[in-house]
S.K.: 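Okay, here's the structure, questions in a sec.
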Amino acid sequence: YESMLGATAKVMFIDSVVVDKAQFLGFIPLTKECGTVTSERSGERITYTNELNNRKIYSQGDSVQRNLYSSDRLAEKWSAPRLIGELADGLTGLDYPFLMPDGVTLYFAARGEQSLGGLDLFVTRFNSANGKFYKPENYGLPFNSPANDYFIAFDDTDSLGWLVSDRYQPEGKVCIYTFATTASRQNYDNDNLTPAQLKQL
């Protein structure tokens, strides 16, 4: 936590709504260009499908042994699922994937040595040269917290993002925070703020 403070991102949150955790995916207004994220079999499988409906990334397993898999559609047939095993190095409980429309940048939730507590949000990018993802990085503050941070998604067209977290929420509830996105991540590291001010942010 202390090492992440200096890189706290500047974020303008513009709305929030508290919903049942089991239903939150239905309250995130993703546009068609962003793809879709669905929950199947009572949350046993969370699937991201891209706009062209030719690529899926999904999580599957129990609360501890969840992993991410990918599948591509050729003609009308989906390929056999491929375990994205390179993401599991040091991480457990991988869940809630969201792939940016660029087809390269992947966000997901997991637990690991870099976590602040509970589920944290991680980001990675696809290396087309070897067909694998790079080592994931913790997405940092204020998107992550000591609570469970389940999901993050971005709509670059409308400059909006959504963060789902159970921080400050009762059991079974999550808050969906809507925020304004920027062209690139901006941090507070050059604003000469005290550690106390950064912690408040």
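Predicted, not measured: the structure shown is a model, and the values here were computed from it. Values below: every heavy atom of this structure, side chains too, minus hydrogens, waters and symmetry copies.
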S.K.: Does Tyr134 have Arg125 sitting over its ring (NZ/CZ under 6.0 Å from centre, angle to axis within 45°)?
M.R.: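 Pair Arg125/Tyr134 does not count as cation-pi.
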S.K.: Going by the salt bridge (charged side-chain N to carboxylate O under 4.0 Å, His left out) test, which pairs reach into residues 91-103, not counting sequence neighbours?
M.R.: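 Checked against salt bridge (charged side-chain N to carboxylate O under 4.0 Å, His left out) - neighbours excluded - the pairs reaching residues 91-103 are Arg66-Asp95.
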S.K.: Tell me, yes or no, whether the heavy-atom count around Asn53 atom CG, taken from other residues, nucleotides or ligands under 6.0 Å, exceeds 12.
M.R.: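 Correct, the count exceeds 12.
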S.K.: Between Phe179 and Phe154, is any pair of side-chain heavy atoms under 4.5 Å apart?
M.R.: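 Yes, their side chains come closer than 4.5 Å.
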S.K.: So, Asp158 side chain and Leu160 main chain: donor-acceptor pair closer than 3.5 Å or not?
M.R.: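 Side chain of Asp158 to backbone of Leu160: no pair is present.
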S.K.: Would Lys199 and Glu2 satisfy salt bridge (charged side-chain N to carboxylate O under 4.0 Å, His left out), going step by step from the backbone distance to the final call?
M.R.: CA-CA 9 Å; Lys199 286 179 181 179; Glu2 297 294 335; 3.6 Å; yes
S.K.: To the nearest 0.5 Å, how far apart are CD in Glu86 and CZ in Phe126?
M.R.: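 Rounded to the nearest 0.5 Å, the CD-CZ separation comes out at 8.0 Å.
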S.K.: How would you list all residue pairs meeting side-chain hydrogen bond (donor to acceptor under 3.5 Å, both in side chains) that involve residues 12-21, not counting sequence neighbours?
M.R.: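 Residue pairs passing side-chain hydrogen bond (donor to acceptor under 3.5 Å, both in side chains), neighbours aside: Asp20-Lys173.
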S.K.: Give the cluster check for Val18 versus Ile14: same hydrophobic cluster or not, with ILVMFWY residues linked at side-chain heavy-atom distances below 4.5 Å.
M.R.: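 Val18 and Ile14: separate clusters.
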S.K.: Under a 3.5 Å threshold, yes or no: a donor from one side chain and an acceptor from the other, between Asp72 and Asn54?
M.R.: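 No, because no side-chain N or O of Asp72 sits under 3.5 Å from a partner of the opposite role on Asn54.
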S.K.: For residues Asn67 and Ile84, determine if any side-chain heavy atom of one lies less than 4.5 Å from a side-chain heavy atom of the other.
M.R.: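 No; the side chains remain at least 4.5 Å from each other.
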S.K.: What's the shortest heavy-atom distance between Ser115 and Phe122, and which atoms?
M.R.: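 Minimum heavy-atom contact is OG-CZ, 3.9 Å.
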S.K.: Determine whether the side chains of Gln65 and Thr92 contain a donor N or O and an acceptor N or O closer than 3.5 Å.
M.R.: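 Absent: no donor and acceptor within the cut-off.
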S.K.: What distance do Thr8 atom OG1 and Leu198 atom CG have between them, rounded to the nearest 0.5 Å?
M.R.: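 That separation rounds to 5.0 Å.
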S.K.: Between Leu91 and Pro136, what is the shortest heavy-atom contact and its length?
M.R.: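 The pair with the smallest heavy-atom distance is CD1-CG, 4.0 Å.
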S.K.: Quick one: list whatever passes side chain to side chain donor-acceptor pair (under 3.5 Å) with Asp149, sequence neighbours left out.
M.R.: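 Listed in chain order: Ser145, Ser165, Arg167.
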